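Taking it in order: structure first as structure tokens, then the write-up.
This one's a predicted model, so the numbers in the text were calculated from it and none came from an experiment. The basis for the numbers below is simple: all heavy atoms, side chains too, and nothing from hydrogens, waters or symmetry mates.
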Amino acid sequence: MRSVTYSMGVSLDGYIVGPDGGFDWSEPDEEVFRFWIEDIRQVGVHLLGRRLYETMLYWETADRDRALDDAEREWTSLWNPLPKVVFSRTLSAVRGRARLASGSLAEEIERLRAEPGEGDIAIGGATLAAEAAASDLIDEYRTVVHPVLVGGGIPFFPRHERRVDLELVETRTFHSKFVYLRHRVVR
């Protein structure tokens with residue numbers, strides 16, 4: 001069965017964006033960007049909330065930018081053909097290989113797990129991930145921890161009153177002092 005993963009960069013104090021909505025501190029260096037390129041190769045479909053979808057729209061046309069470096073071109077070549085499912089109450093249309101979700105998050109994940117296919121079902125966006133976590137749909141949490149304290153904002157981990165036991169299955173320390181942590185949910 002395909003795993004459901006939730007991966008993002010996170011501050012040391014657990015936020016994906018700061019209290020002002022900014023996330024300029026999360027820009028990856030070359031080594032971490034290469035890591036994300038390898039990570040996306042393992043994804044079969046990406047589920048996104050509206051805000052993350054709109055942030056990632058840049059990549060839909062980025063390949064036209066002559067200033068892109070080789071790594072950014074490689075990312076674009078992997079991201080653009082990747083199937084995406086967007087969960088939004090406000091969007092009426094999406095672009096590229098994206099489609100608007102037709103069912104609930106649980107229904108979409110159930111359908112995707114039943115379909116033939118390879119690669120993880122990746123979830124992007126804290127609000128969408130919180131909904132998945134509340135329904136016990138996330139199999140792995142993957143974080144690249146940035147050496148910064150932002151003091152508040154949108155938390156990576158959902159805030160609900162349910163214990164989730166995790167098993168650390170992989171770590172990696174980058175030369176730039178970012179740290180990757182991969183945890184599997186213990187069921």
Applying the 4.5 Å side-chain criterion to the ILVMFWY set and letting contacts propagate, would Phe156 and Val185 be lumped into a single cluster? yes
Give me the atom names and distance for the closest heavy-atom approach of Tyr15 to Gly151. CE1-C, 4.4 Å
Audit row: Ser176, Asp29, side chain to side chain donor-acceptor pair (under 3.5 Å) steps and yes/no: CA-CA 8 Å; Ser176 54; Asp29 65 10; 2.5 Å; yes
If you compare all heavy atoms of Arg187 against all heavy atoms of Ile138, which two are closest, and at what distance to 0.1 Å? NH2-O, 2.8 Å
side-chain contact (heavy atoms from CB on, under 4.5 Å), paired with Ile123, selected from Ile109, Leu52, Val85, Leu48: Ile109
Take atom CD in Glu170; do more than 12 heavy atoms of anything else shown fall under 6.0 Å from it? yes
Determine whether Val144 and Trp36 satisfy the following criterion, side-chain contact (heavy atoms from CB on, under 4.5 Å), listing intermediate values before the conclusion. CA-CA 10 Å; Val144 172; Trp36 285 123; 3.3 Å; yes
Atom pair CG (Leu112) and CE (Met1), whose distance is rounded to the nearest 0.5 Å: 13.0 Å
Salt bridge or not between Arg41 and Glu38? Use side-chain N to carboxylate O under 4.0 Å. yes
Can you tell me which residue among Glu131, Arg50, Glu108 is in a side-chain contact (heavy atoms from CB on, under 4.5 Å) with Phe87? Glu108
Verify side-chain contact (heavy atoms from CB on, under 4.5 Å) between Arg172 and Arg182, making sure each step is shown before the conclusion. CA-CA 9 Å; Arg172 177 176 171 183; Arg182 181 176 153 221; over 6 Å; no
Contact summary for Ser77 and Glu74, nearest pair of heavy atoms: OG-O, 2.7 Å
If we check side-chain contact (heavy atoms from CB on, under 4.5 Å) with Leu181, which of these qualifies: Val169, Leu166, Thr171? Thr171
Any side-chain heavy atom of Arg142 sitting closer than 4.5 Å to one from Asp120? yes
Report the C-alpha separation of Asp39 and Ser7 in whole Å, then their side-chain angles, then the decisive distance to 0.1 Å, and conclude whether the side-chain contact (heavy atoms from CB on, under 4.5 Å) test is met. CA-CA 9 Å; Asp39 186 70; Ser7 306; 4.2 Å; yes
Taken to the nearest 0.5 Å, the spacing of Leu82 CG from His46 NE2 works out to 7.0 Å
Taking Tyr6 as the starting point, is it possible to reach Trp79 by hopping between hydrophobic residues whose side chains are less than 4.5 Å apart? no
Using a 6.0 Å cut-off, check whether atom CG of Asp69 has over 12 heavy atoms from anything other than its own residue. yes
Leu105 reachable from Ile121 in the ILVMFWY side-chain graph, under 4.5 Å edges: yes
Which atom of Gly153 lies closest to which atom of Pro155, heavy atoms considered: O-CD, 3.5 Å
Does Trp59 belong to the same Ile/Leu/Val/Met/Phe/Trp/Tyr cluster as Ile37, with side-chain heavy atoms less than 4.5 Å apart forming each link? yes
Taking Glu140 for the side chain and Ser3 for the main chain, is one N or O donor matched with an acceptor at less than 3.5 Å? no
Interatomic spacing from OH in Tyr141 to CG in Leu168 - rounded to 0.5 Å: 15.0 Å
Determine, stepwise, if the pair Phe178 / Phe35 fulfils ring pair (Phe, Tyr, Trp, His ring centres under 6.0 Å). CA-CA 11 Å; Phe178 294 94; Phe35 170 82; over 10 Å; no
Run the numbers on Phe174 and Glu30 for side-chain contact (heavy atoms from CB on, under 4.5 Å), then give the verdict. CA-CA 10 Å; Phe174 297 94; Glu30 183 177 339; over 6 Å; no
Please state whether the rings of Phe33 and Trp75 are parallel, tilted or perpendicular, taking 30° and 60° as the class boundaries. tilted
Atom CD of Glu115: over 12 foreign heavy atoms under 6.0 Å: yes
Would you confirm whether Glu107, through its side chain, and Ser104, through its main-chain N or O, come within 3.5 Å as a donor-acceptor pair? yes
Identify the two heavy atoms, one from Leu91 and one from Leu100, that lie closest to each other, and give their separation to 0.1 Å. O-CD1, 3.7 Å
Would you find more than 12 non-hydrogen atoms of other residues, nucleotides or ligands less than 6.0 Å from Arg51 atom CZ? no
Find out whether His146 and Val32 are in side-chain contact, i.e. whether some heavy atom of one side chain is under 4.5 Å from a heavy atom of the other. no
I need the single residue from Ile154, Asp24, Val10 that forms a side-chain contact (heavy atoms from CB on, under 4.5 Å) with Val17. Which is it? Ile154
Does Phe23 CZ have over 12 foreign heavy atoms under 6.0 Å away? no
Side chain of Arg97, backbone of Pro81: donor and acceptor closer than 3.5 Å? yes
Using the salt bridge (Lys or Arg N to Asp or Glu O under 4.0 Å) criterion, which residues pair with Asp165? Sequence neighbours excluded. Arg163
Do Ser88 and Tyr53 have side chains that approach each other closer than 4.5 Å (heavy atoms only, starting at C-beta)? no
Between Val4 and Leu137 the two heavy atoms that sit nearest each other are CB-O, 3.2 Å
Cluster overlap Leu128 with Val94, hydrophobic side-chain contacts below 4.5 Å: no
Could you list the residues that satisfy salt bridge (Lys or Arg N to Asp or Glu O under 4.0 Å) with Arg113, not counting sequence neighbours? Asp139
Atom NZ in Lys177, atom NE2 in His175: separation rounded to 0.5 Å? 9.0 Å
